[in-house]
Amino acid sequence: QVQLVESGGGLVQAGGSLRLSCAASGRTLRSSAMGWFRQAFGKEREFVAVISSTGGSTSYADSLKGRFTISRDNAKNTMYLQMNSLKPEDAAVYYCAARNSGRVTKEPGEYDYWGQGTQVTVSS
């Protein structure tokens, strides 16, 4: 069984940065695509970014390109999300997810494992 644990969330001022981590345990995820999603209060969960199993392919939500960077360290079984120039509208619970396939997808329904989420709050 795979467990995903997010960390790195917190309170930051608008314009600031945070780095989220997603640590996996249970088995290696070096063959798995992994992604970040977020859900703001009262809104549906939305795609943020995804990275292929090797890290060679990434994709981002159009509104986040240039501010967010997804990466992974397969030796540590960990994925990251560097978030810069944060805006109040970025506030949400951020979830990491992994799928048994190594191919990227933006569809949350195609992920097999989910973390519990980490809260990101951005003050204006």
Side-chain angles (χ1 to χ4, degrees):
Q1 186 70 13
V2 174
Q3 292 84 41
L4 302 176
V5 178
E6 303 94 338
S7 62
L11 173 64
V12 64
Q13 288 188 333
S17 299
L18 282 176
R19 188 194 194 203
L20 305 184
S21 298
C22 173
S25 61
R27 69 170 176 83
T28 178
L29 293 182
R30 61 179 67 248
S31 297
S32 300
M34 299 183 71
W36 288 99
F37 294 80
R38 68 184 184 184
Q39 187 167 18
F41 181 76
K43 297 186 178 181
E44 294 186 353
R45 190 170 299 192
E46 64 174 356
F47 167 75
V48 172
V50 61
I51 187 167
S52 63
S53 58
T54 63
S57 178
T58 59
S59 183
Y60 297 88
D62 289 342
S63 63
L64 302 177
K65 290 179 181 178
R67 295 195 298 124
F68 288 18
T69 303
I70 189 172
S71 61
R72 66 190 296 165
D73 184 339
N74 283 343
K76 296 182 179 179
N77 227 20
T78 301
M79 175 179 66
Y80 307 96
L81 184 69
Q82 178 67 42
M83 306 186 293
N84 298 328
S85 302
L86 283 162
K87 304 175 181 179
E89 53 263 43
D90 293 319
V93 177
Y94 282 70
Y95 298 90
C96 71
R99 61 191 307 242
N100 290 322
S101 168
R103 299 182 65 178
V104 300
T105 177
K106 300 179 181 180
E107 298 299 324
E110 297 186 12
Y111 286 81
D112 302 291
Y113 312 103
W114 290 85
Q116 293 300 307
T118 185
Q119 177 73 51
V120 171
T121 304
V122 184
S123 63
S124 58

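Position 1 is the first residue of the sequence, and the numbers go up from there. As the structure is a prediction and not an experimental result, all values here were calculated from the model.
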Next on the checklist: Do Tyr60 and Val104 land in one hydrophobic cluster if side-chain heavy atoms of ILVMFWY residues count as linked below 4.5 Å?
Outcome noted: no
Checklist entry - Are Tyr111 and Val93 connected in the hydrophobic side-chain network, where two residues link if heavy atoms are under 4.5 Å apart? => result yes
Item to check | Straight-line distance of Asp112 CG to Arg99 CZ, nearest 0.5 Å | outcome: 7.0 Å
Item to check | Atom pair CG (Asn100) and CG (Leu29), whose distance is rounded to the nearest 0.5 Å | outcome: 9.0 Å
Item to check | Contact summary for Ser124 and Ala14, nearest pair of heavy atoms | outcome: CA-CB, 4.3 Å
Next on the checklist: Applying a strict under-4.5 Å side-chain criterion to I, L, V, M, F, W and Y, I'd like to know whether Val122 and Met83 cluster together.
Outcome noted: yes
Checklist entry - Are Met79 and Leu4 connected in a single hydrophobic cluster, I mean Ile/Leu/Val/Met/Phe/Trp/Tyr linked by side-chain heavy atoms less than 4.5 Å apart? => result yes
Next on the checklist: Closer than 3.5 angstrom, by distance alone: can the side chain of Arg67 be matched with the main-chain N or O of Ser85 as a donor-acceptor pair?
Outcome noted: yes
Item to check | Value rounded to 0.5 Å, distance of OG in Ser21 from NZ in Lys76 | outcome: 9.5 Å
Checklist entry - Is the number of heavy atoms from other residues, nucleotides or ligands under 6.0 Å of Arg27 CZ greater than 12? => result yes
Checklist entry - Could you give the distance from OG1 (Thr28) to CG (Asn77), rounded to the nearest 0.5 Å? => result 4.5 Å
Next on the checklist: I'd like to know whether CD of Gln116 has more than 12 heavy-atom contacts from other residues, nucleotides or ligands below 6.0 angstrom.
Outcome noted: no
Checklist entry - Can you check whether Ser71 reaches Gln82 side chain to side chain, under 4.5 Å on heavy atoms? => result no
Item to check | Distance, nearest 0.5 Å, that separates OG1 of Thr69 from CZ of Arg19 | outcome: 10.5 Å
Checklist entry - Any sub-3.5 Å donor-acceptor pair from Glu6's side-chain atoms to Thr118's backbone N or O? => result no
Checklist entry - Relative to each other, are the rings of Phe47 and Phe37 parallel, tilted or perpendicular (30° and 60° limits)? => result perpendicular
Checklist outcome for this item: When Tyr95, Tyr94, Tyr80 are each screened for side-chain contact (heavy atoms from CB on, under 4.5 Å) with Leu20, the one that passes is Tyr94
Checklist entry - Ile70 and Leu64: same hydrophobic cluster, using ILVMFWY side-chain contacts below 4.5 Å? => result yes
Item to check | Main-chain N/O of Glu44 paired to Glu46 side chain as donor or acceptor, under 3.5 Å | outcome: no
Next on the checklist: Between Asn74 (side chain only) and Ser53 (backbone N and O only), is there a donor and an acceptor less than 3.5 Å apart?
Outcome noted: yes
Checklist entry - Roughly how far, to the nearest 0.5 Å, is the OG atom of Ser32 from the CZ atom of Arg72? => result 7.0 Å
Next on the checklist: Please give me the minimum heavy-atom distance between Leu18 and Leu86, naming the atom from each residue.
Outcome noted: N-CD1, 3.9 Å
